[in-house]
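To start, the structure itself, in C-alpha cells.
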Amino acid sequence: MKTKKQNADFLHVGRKLLDWYKIHGRELPFRKTNDPYKIWICEIIFQQTRIEQGLNHYRNFIERFPDVQTLAGAETDEVLLYWKGLGYYSRALNLHKASLQIINDFNGIFPADYDSILQLKGIGKYTAAAISSICFGKKIAAVDGNFYRVLSRLFADDFDISNSKAFDYFSELALKMMPENEAGHFNEAMMDLGSEICKPKNPKCESCPLNKDCVAFNLGKISGFPVKTKKVKPTDLDLYYSFVEYNGQFLVRQRKDDFIWKKLFEFPVEIPADWQQFVVKQKTIAHKLTHKNLSIQMSHVVLESQDIFTEFANGNGFSIITYEESHQKSFPKPLENYLKDYYENKSLMR
DNA sequence: AATACGGGGGT
DNA sequence: ACCCCAGTATT
C-alpha cells in the first residue's frame, strides 16, 4: 500500500538522522541531564538565541539558581541581572513567575505532563514539547526554526512557515520520521542538523547524512526553502535620556514591565528646564533592534550642587549609584555601552 | 492573523 | 541592508 511505504520511508530517514546524531551530535552542558528544571532553563535561554551567545548565561544561571526552589526564592531583579544582555527580558520575568507557579501549584515538583507544563508562564508549544520529549519521553515533535528549515528542504515542501498552522503541519511530518522511544534524541538531532549542516545560508549539503533523501538538494533548489512570506519592517523609535552626574554618582530608575526593556534600569527622561545650563555634551546614539531603529539623544549633565541632585532623585523615584554599583543592575545594551564608554574609555569627553 | 519583544552573528 | 536564531504573549 502506498501510504504504508511512504511512512516506512519517513521512518528510514528519521533513523538515519538519529544515527548521525549519535556520532556527530554536539556536546552541550544540558545534554548530560534529564533534569526538567535544567532543560527548562536552557530551552528558555535558547529561544531566538544562538548556542554560542547563551552558553555562558546558561552556566552562570544554573550555578546561581541550581533548582526551582532557589529560583523561586530569589528577587526578580537578581534573575534579571543574570539575564543581562540576552534580550527578550520577559523570558526572565516569566521564568521567575513560573518558578513560583511550580512551588504553589505543583508542590515544588516540575510537572511531568504536557498540559501542565504548558500552563507555566513563558512556556509555549515548542518548549512544552521539548521538555516533555527530552525529560519524560513523550512522543512529540519540538518544532522550531530548525525543523521548518530541515523538513521543508527535505521534502521540498513550500508550506509557508509564516502561516500559523506551520507548527502543526511540520509537527505531523516530523512525527512520521520519529523512531519509537527516541523522541528526545530525535528532536535534539533535528536541531543539531539544522544548526551545523542544514544552515540558513551555505548549508553543508555535501556532509549531510540526508542528502540522498533531500528533495530540494537533488533538485538544486535548497535556497528556495523554507518559504516565508511574512516580512516585518523595522520602525523608528526616538528616545531622549539625560545622564545626570554629580561627584562620581548618577541617576537611574527602573522601567515598567510594558514596552521594551521590561524592568531594566535607565537614566532620567525628563529633567528640570534650568538644568540645561549644566549640559556638558550631547550625542546621538544609533542602535538597531530586531524591529526597531533606535535613535537615542543623550544629554550629559554634570551638576554642581548636591542639593538639587538628591532632591530631584528623592522626589522622582531615582536611585543614586556609582559605576561600580551599576554592574549589579541590568541596563539596556545601548545604555550599558554608554556607561562603559564613559567610565572606561572617557571617549565622551574627548 | 498580526504584532511586539533584544541582541548577536552571518552574508 | 537583510536574514536568522532551541518562541511566547498579547491583541
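We name chains A, B, ... by the order of the sequence lines, and we start the count at 1 in each one. Here the structure is a predicted model, which means the values were calculated and not measured.
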Mutual orientation of the aromatic rings belonging to A/Y343 and A/Y323 [parallel < 30°, tilted 30-60°, perpendicular > 60°]: parallel

Would you say the side-chain atoms of A/H300 and A/Y241 include a donor-acceptor pair closer than 3.5 Å? no

Listed in order of residue number, which residues of residues 32-51 of chain A have a non-hydrogen atom at under 4.0 Å from DNA chain B? A/Q48, A/T49, A/R50

Find which nucleotide of DNA chain B each of A/K230 and A/S90 is nearest to by heavy atoms, and output the residue with the more 5' nucleotide. A/K230

First-last contacting nucleotides on DNA chain B - partner chain A, under 4.0 angstrom, heavy atom: B/dA1 to B/dT11

Residues A/D157 and A/S152: side-chain donor-acceptor under 3.5 angstrom: no

Any donor-acceptor pair under 3.5 Å linking the side-chain atoms of A/Y342 with those of A/E245? yes

Answer yes or no: does atom CD of A/E206 have more than 12 heavy-atom neighbours from other residues, nucleotides or ligands under 6.0 Å? yes

Using a cut-off of 4.0 Å on non-hydrogen atoms, how would the nucleic acid contact of A/K231 be classed: base, sugar-phosphate, or nothing? nothing

Students often get this wrong, so: under 4.0 angstrom with heavy atoms, is A/K288 touching a base, only sugar-phosphate, or nothing? nothing

Using the side-chain hydrogen bond (donor to acceptor under 3.5 Å, both in side chains) criterion, which residues pair with A/R26? Sequence neighbours excluded. A/D192, A/S195

Tell me which of A/R31 and A/G122 sits closer to the 5' end of DNA chain C, going by the nucleotide each one is nearest to. A/R31

Heavy-atom contact window of chain A on DNA chain C, given 5' to 3' at under 4.0 Å: C/dC4 to C/dA9

How about A/F10 and A/F155: do any of their side-chain heavy atoms sit closer than 4.5 Å? yes

When you compare the side chains of A/E43 and A/T127, does any donor N or O come within less than 3.5 Å of an acceptor on the partner? no

Listed partners of A/R149 passing side-chain hydrogen bond (donor to acceptor under 3.5 Å, both in side chains), at least two apart: A/N146

Looking at A/T229, is its backbone amide N or carbonyl O close enough to the side chain of A/S162 to form a donor-acceptor pair, meaning the two atoms are under 3.5 Å apart? yes

Strand DNA chain B as a dot-bracket string - pairs counted if Watson-Crick or G-U with both distances under 3.5 Å, | where the partner lies in another strand: |||||.|||||

With no hydrogens and no angle check, is any side-chain donor or acceptor of A/D144 less than 3.5 Å from a backbone partner on A/F147? yes

Any side-chain donor near an acceptor of the partner, A/Q282 and A/S299, under 3.5 Å: yes

Would a distance-only check, ignoring hydrogens and angles, find a side-chain to backbone donor-acceptor pair under 3.5 Å from A/Q101 to A/Q119? yes

A/N56 and A/R59 side chains, donor-acceptor separation under 3.5 Å: yes

Between residues 95-106 of chain A and DNA chain C, which residues have a heavy-atom gap below 4.0 Å? none

Who pairs with A/D113 by side-chain hydrogen bond (donor to acceptor under 3.5 Å, both in side chains), at least two apart in sequence or on another chain? A/S116

Quiz item: cation-pi between A/K262 and A/Y89, 6.0 Å / 45°: no

Is the closest side-chain donor-acceptor distance between A/E188 and A/Y21 under 3.5 Å? yes

Using atom types as modelled, flag every donor-acceptor pair under 3.5 Å from a side chain in residues 330-337 of chain A to any protein atom, sequence neighbours excluded.
{"residue": "A/K333", "atom": "NZ", "partner": "A/E336", "partner atom": "OE2", "Å": "3.4"}
{"residue": "A/N337", "atom": "ND2", "partner": "A/K333", "partner atom": "O", "Å": "3.4"}

Going by side-chain hydrogen bond (donor to acceptor under 3.5 Å, both in side chains), name the residues that satisfy it together with A/D77, two or more places apart in sequence or in a different chain. A/Q254

Sugar-phosphate, base or nothing in reach of A/K199, heavy atoms under 4.0 Å: nothing

Touch class at under 4.0 angstrom, heavy-atom based, for A/N202 against every strand present: sugar-phosphate

Does A/G124 reach a base, just sugar-phosphate, or nothing at all? Heavy atoms under 4.0 Å. sugar-phosphate

Using atom C1' in both nucleotides, what's the gap between C/dA6 and B/dT3 to the nearest angstrom? 22 Å

Classify A/L294 by what it touches in the nucleic acid, base, sugar-phosphate, or nothing, heavy-atom distance under 4.0 Å. nothing

Are A/R91 and A/T49 side-chain neighbours, meaning at least one heavy-atom pair lies under 4.5 Å? yes

Output the residues of residues 126-134 of chain A in contact with DNA chain C, where contact means a heavy atom of the residue under 4.0 Å from an atom of the strand; sort by number or write none. A/Y126, A/T127

A/L154 and A/F159: same hydrophobic cluster, using ILVMFWY side-chain contacts below 4.5 Å? yes

How do A/E52 and A/W261 order along DNA chain B: which one's closest nucleotide is nearer the 5' end? A/W261

When rounded to the nearest Å, what value does the distance between P atoms of C/dT11 and B/dG6 take? 15 Å

Return the residues of residues 144-176 of chain A meeting this criterion: a heavy atom under 4.0 Å from some atom of DNA chain B. Order them by number, or give none. A/S164

So what does A/H57 touch, heavy atoms closer than 4.0 Å: a base, only the sugar-phosphate, or nothing? nothing

